[in-house]
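First the proteins, then the strands, lettered A, B, ... as listed; each starts at 1.
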Number of protein chains: 2
Amino acid sequence: MPHVTIADIAGRLGISTAAVSYALNGRPGVSATTRQRVLDLVEELDWTPDSTARSLRSRRSMAVGMALSRDAEEIANEPFYSYVQAGIEQALAARGYSLMISRPGRRQAAELDVYRSWARQRRVDGVILFDLLADDPRTGLLEEVGLPFVEVTSEAAVDGAPRVLIDDAADAGTLVSHLADQGYRSIIHLSGPGQLTHERLRARAVAAVASAGGLEVVSSACRYTMEDGARGFLEAVGRVPRQPVGVVGSSDLLALGALRGAGLLGLPVPDRIGVVSWDESLPCRISNPPLTSLERRPITMGRLAADLLLDRLDGRARSLVRLPASGLTVRASSNRMAREIS
Amino acid sequence: MPHVTIADIAGRLGISTAAVSYALNGRPGVSATTRQRVLDLVEELDWTPDSTARSLRSRRSMAVGMALSRDAEEIANEPFYSYVQAGIEQALAARGYSLMISRPGRRQAAELDVYRSWARQRRVDGVILFDLLADDPRTGLLEEVGLPFVEVTSEAAVDGAPRVLIDDAADAGTLVSHLADQGYRSIIHLSGPGQLTHERLRARAVAAVASAGGLEVVSSACRYTMEDGARGFLEAVGRVPRQPVGVVGSSDLLALGALRGAGLLGLPVPDRIGVVSWDESLPCRISNPPLTSLERRPITMGRLAADLLLDRLDGRARSLVRLPASGLTVRASSNRMAREIS
DNA sequence: TTGTAGGCGTTATCAG
DNA sequence: CTGATAACGCCTACAA
């Protein structure tokens with residue numbers, strides 16, 4: 001008996017497949033005793049609905065897609081995406097959905113092709129978008145091909161797709177205030193690529209908070225690599241007027257780059273240069289000195305995004321879910337006052 | 001026109017759906033001109049086969065599953081799995097398959113449930129297994145439920161499932177010889193959990209190579225955490241007779257733990273203690289001192305495993321694919337002779 | 001309360 | 001060489 005079907009069950013019980021289906025789906029139209037007999041036999045034969053048949057019928061694949069469009073190196077070095085994946089999968093599994101992962105690589109067009117193909121083949125019921133760009137071509141495409149999606153973003157658009165809202169402005173405040181408290185008198189912000197909406201927002205927020213606190217700010221847009229972080233730091237450090245200088249790295253790699261840059265110049269950390277990272281990671285914990293980092297909640301982000309998407313697929317529309325602001329783990333890289341670190 | 005089907009195409013062309021299907025699948029039974037008309041219209045209407053319908057008919061989901069059963073923390077800190085995923089996805093995409101990821105967490109039973117559910121729902125056509133255990137319950141279950149699988153392992157079984165064979169013995173030789181060349185006179189092997197077949201094999205291989213070279217060996221089985229690596233090192237270092245001591249960490253975290261342990265004891269690295277890591281990672285590159293690491297090819301591993309599985313699904317049986325031995329990146333943590341590092 | 005009869009979109013069988 | 005037609009397994013009007 002390779003695969004049990006409802007026809008088998010109906011046959012054994014001498015009833016119709018419709019009765020079996022009603023019984024299984026808890027619908028009226030079948031007597032309590034029949035229902036129980038069906039359920040018992042299902043249990044005994046260990047029947048599970050065939051997802052392909054069910055999908056064909058219901059027009060639902062019961063799968064959600066996520067395309068990772070950075071290159072393998074970058075994804076592997078950022079625990080962020082791995083945690084997000086864990087959160088998504090956790091939420092999906094709880095509701096019977098599966099997670100489909102694609103890695104189209106850097107090319108924008110390749111990622112769009114993935115969505116097109118998913119939509120036309122009906123392979124996924126919806127997708128989750130990260131790292132939104134200004135005038136992101138993905139949202140338009142997804143609407144065009146009719147693939148529902150949610151965004152994880154720090155841009156609170158009034159209308160548009162449902163979104164998990166990251167409070168990057170509050171996080172910017174946390175980071176800059178900490179640096180100010182530690183006595184740093186200028187701020188360097190090593191931000192990521194400027195096409196990313198959250199990087200623009202972060203840059204604006206860092207600048208706003210810093211100048212509100214009387215600190216001068218120099219910004220430098222970098223690619224997310226340690227090398228570029230070091231380069232950005234070396235460039236920026238010549239342009240800041242007052243030391244000690246606090247550096248905000250928009251990713252752990254950028255913060256590590258700043259650390260390296262400070263080392264090259266022989267500038268002591270945290271005395272003259274303080275460094276904080278927007279992301280937590282193992283490298284942050286083991287670097288020398290260890291890096292003060294934001295505790296974002298990537299697993300929660302993934303979970304919220306997946307739940308939001310599934311709610312939307314179920315017709316329960318929620319347009320926005322707010323992720324609480326991140327905490328801060330203070331480590332030696334910015335602990336200029338040498339307070340005890342608990 | 002929400003979704004184009006072959007019925008639409010047949011209707012427009014005034015032919016049967018069978019003719020369309022033949023034309024599309026390149027089968028005989030349709031004239032060249034009809035075929036061309038079909039192909040043209042398919043192009044024009046931008047038709048793609050509906051994967052759910054095709055799956056129902058063909059009994060193939062065109063998806064491959066991978067269950068990550070370590071906990072989120074561990075997966076996120078190991079770039080290894082991320083690279084493997086990239087390799088798998090790359091190979092699958094090239095052949096029209098999708099990758100389904102599940103994260104059942106640590107519990108063995110949960111992972112088995114995932115496979116059971118995948119098999120009964122026909123959600124995936126096969127799965128890829130990593131981190132095999134002695135008497136691994138997964139292989140038996142998968143055979144029982146009829147889900148094809150391939151293993152990525154260093155155990156070269158004569159029969160059994162198709163496998164990608166990792167040459168852990170050769171890699172052990174590379175690591176230990178390097179340490180011997182650098183003048184280390186005893187070896188500590190911080191190995192991973194002993195249920196893992198590859199860890200057993202590594203332990204045997206390290207011991208064999210070391211004693212062949214006249215080096216004494218002390219082994220300590222650890223969980224894959226930095227803390228446990230440090231603990232294992234501290235325990236073992238008291239039991240080795242001769243310094244300088246070379247430490248082989250079976251993962252980057254264990255090697256980092258050894259580094260920390262050496263730091264706690266004030267033992268200079270690489271002078272008295274040399275450390276090498278079985279895995280490459282960003283933490284290895286930025287640790288202090290940077291860690292000598294094996295360059296395994298996780299992307300290639302994933303690619304080979306996926307291709308092997310797909311070949312098996314296509315009936316093209318290959319039982320074994322060998323992954324070439326890894327190279328070694330020498331860094332300061334074991335560079336006792338202070339040769340220039342290029 | 002139950003059974004019959006489609007249909008979801010594709011592909012394979014089997015007549016013409 | 002072509003074209004109905006019947007599955008694949010499930011669900012749901014509708015009829016009995």
Side-chain angles (χ1 to χ4, degrees), chain A residues 1-39 41-42 45-63 96 117-123 125 146, chain B residues 1-39 41-42 45-63 96 117-123 125 146:
Chain A
M1 173 151 310
H3 262 270
V4 187
T5 74
I6 54 170
D8 298 328
I9 303 205
R12 287 228 195 179
L13 259 38
I15 60 177
S16 73
T17 61
V20 175
S21 181
Y22 289 146
L24 289 169
N25 298 345
R27 311 200 152 232
V30 68
S31 71
T33 56
T34 307
R35 164 162 300 148
Q36 198 49 53
R37 288 174 62 213
V38 169
L39 294 179
L41 190 55
V42 159
L45 297 184
D46 198 31
W47 174 89
T48 310
D50 180 312
S51 72
T52 60
R54 179 173 267 188
S55 291
L56 178 58
R57 168 74 209 183
S58 68
R59 318 180 128 293
R60 288 236 183 170
S61 66
M62 296 301 280
S117 141
W118 275 347
R120 298 195 318 182
Q121 302 184 20
R122 297 212 172 116
R123 270 195 169 267
D125 295 329
Chain B
M1 172 150 313
H3 263 270
V4 186
T5 74
I6 54 171
D8 297 329
I9 304 211
R12 287 227 195 181
L13 257 39
I15 61 177
S16 73
T17 60
V20 176
S21 180
Y22 287 146
L24 289 169
N25 298 346
R27 312 197 151 232
V30 68
S31 71
T33 56
T34 307
R35 166 163 296 149
Q36 197 50 55
R37 288 174 61 213
V38 169
L39 293 178
L41 191 54
V42 159
L45 297 183
D46 197 28
W47 173 88
T48 309
D50 179 312
S51 72
T52 59
R54 175 175 270 186
S55 291
L56 177 59
R57 173 67 210 182
S58 67
R59 317 183 128 294
R60 289 237 184 167
S61 67
M62 296 300 279
S117 142
W118 274 347
R120 300 195 316 181
Q121 302 184 21
R122 292 187 213 261
R123 268 195 171 267
D125 295 331

Q. Of the candidate nucleotides dC10(D), dG3(D), dG9(C), which contains the atom at the shortest distance from the side chain of Arg122(A)?
A. dG9(C)
(Q) Quick check for you: to the nearest 0.5 Å, what is the distance between Arg122(B) atom CZ and Thr48(A) atom OG1? (A) 11.0 Å
Q. Which residues pass the salt bridge (Lys or Arg N to Asp or Glu O under 4.0 Å) test with Arg59(B), sequence neighbours left out?
A. none
Q: Take the protein atom CZ of Arg59(B) and the nucleotide atom P of dC10(D), then report the distance between them rounded to whole Å.
A: 10 Å
Q: Starting from P on dG9(D), measure out to CZ on Arg54(B) and report it in whole angstrom.
A: 18 Å
(Q) Closest approach to the side chain of Thr5(A), judged atom by atom: which nucleotide of dC11(D), dG9(D), dT1(C) is it? (A) dG9(D)
Q) Over how many whole Å does the gap from Arg37(A) atom CZ to dT1(C) atom C1' extend? A) 14 Å
Q. Who are the side chain to side chain donor-acceptor pair (under 3.5 Å) partners of Thr52(A), not counting sequence neighbours?
A. Asp50(A)
Q. Which whole-number value in Å describes the distance from Ile15(A) CD1 to dG3(C) C1'?
A. 10 Å
(Q) Can you work out whether Ser58(B) or Ser16(B) has the more 5'-proximal nearest nucleotide on DNA chain D? (A) Ser16(B)
**Q.** Euclidean distance, Gln121(A) CD relative to Met62(B) CE, rounded to 0.5 Å
**A.** 8.5 Å
Q: Please round to 10 degrees the angle between the axis of the first five pairs and the axis of the last five pairs in the helix from dT1(C)-dA16(D) to dG16(C)-dC1(D).
A: 60°
Q.
Going by side chain to side chain donor-acceptor pair (under 3.5 Å), name the residues that satisfy it together with Thr34(A), two or more places apart in sequence or in a different chain.
A. Ser31(A)
(Q) To the closest 0.5 Å, what do you measure between CD1 (Ile6(A)) and CG (Leu45(A))? (A) 13.0 Å
Q: Could you tell me the separation between the CE atom of Met62(A) and the P atom of dG9(D), rounded to a whole number of Å?
A: 20 Å
Q.
Please report the distance, rounded to the nearest Å, between CD1 in Ile6(B) and P in dC8(C).
A. 12 Å
Q) What integer distance in Å separates Ile9(B):CD1 from dG9(C):C1'? A) 12 Å
Which protein N or O atoms sit under 3.5 Å from an N or O of nucleotides 12-16 of chain D?
residue	atom	partner	partner atom	Å
dT12(D)	O4'	Arg57(A)	NH2	3.3
dA13(D)	N7	Tyr22(A)	OH	3.4
dA13(D)	N6	Tyr22(A)	OH	3.2

(Q) Whole angstroms only, please: what is the CZ-P distance between Arg60(B) and dG9(D)? (A) 16 Å
Q) To the nearest 0.5 Å, what is the distance between CG (Asp8(A)) and CH2 (Trp47(A))? A) 11.0 Å
Q: Output the distance between atom CD1 (Ile9(B)) and atom CD1 (Ile15(B)), rounded to the nearest 0.5 Å.
A: 9.0 Å
Q) Under 4.0 Å between a side-chain N/O of Thr52(B) and OP1 or OP2 of dG9(C), yes or no? A) no
Q | Closest listed nucleotide, where the reference is the side chain of Leu56(A) and the choices are dC8(C), dC8(D), dG3(D) | A | dC8(C)
Q | salt bridge (Lys or Arg N to Asp or Glu O under 4.0 Å) partners for Arg120(B), two or more places apart | A | Asp46(A)
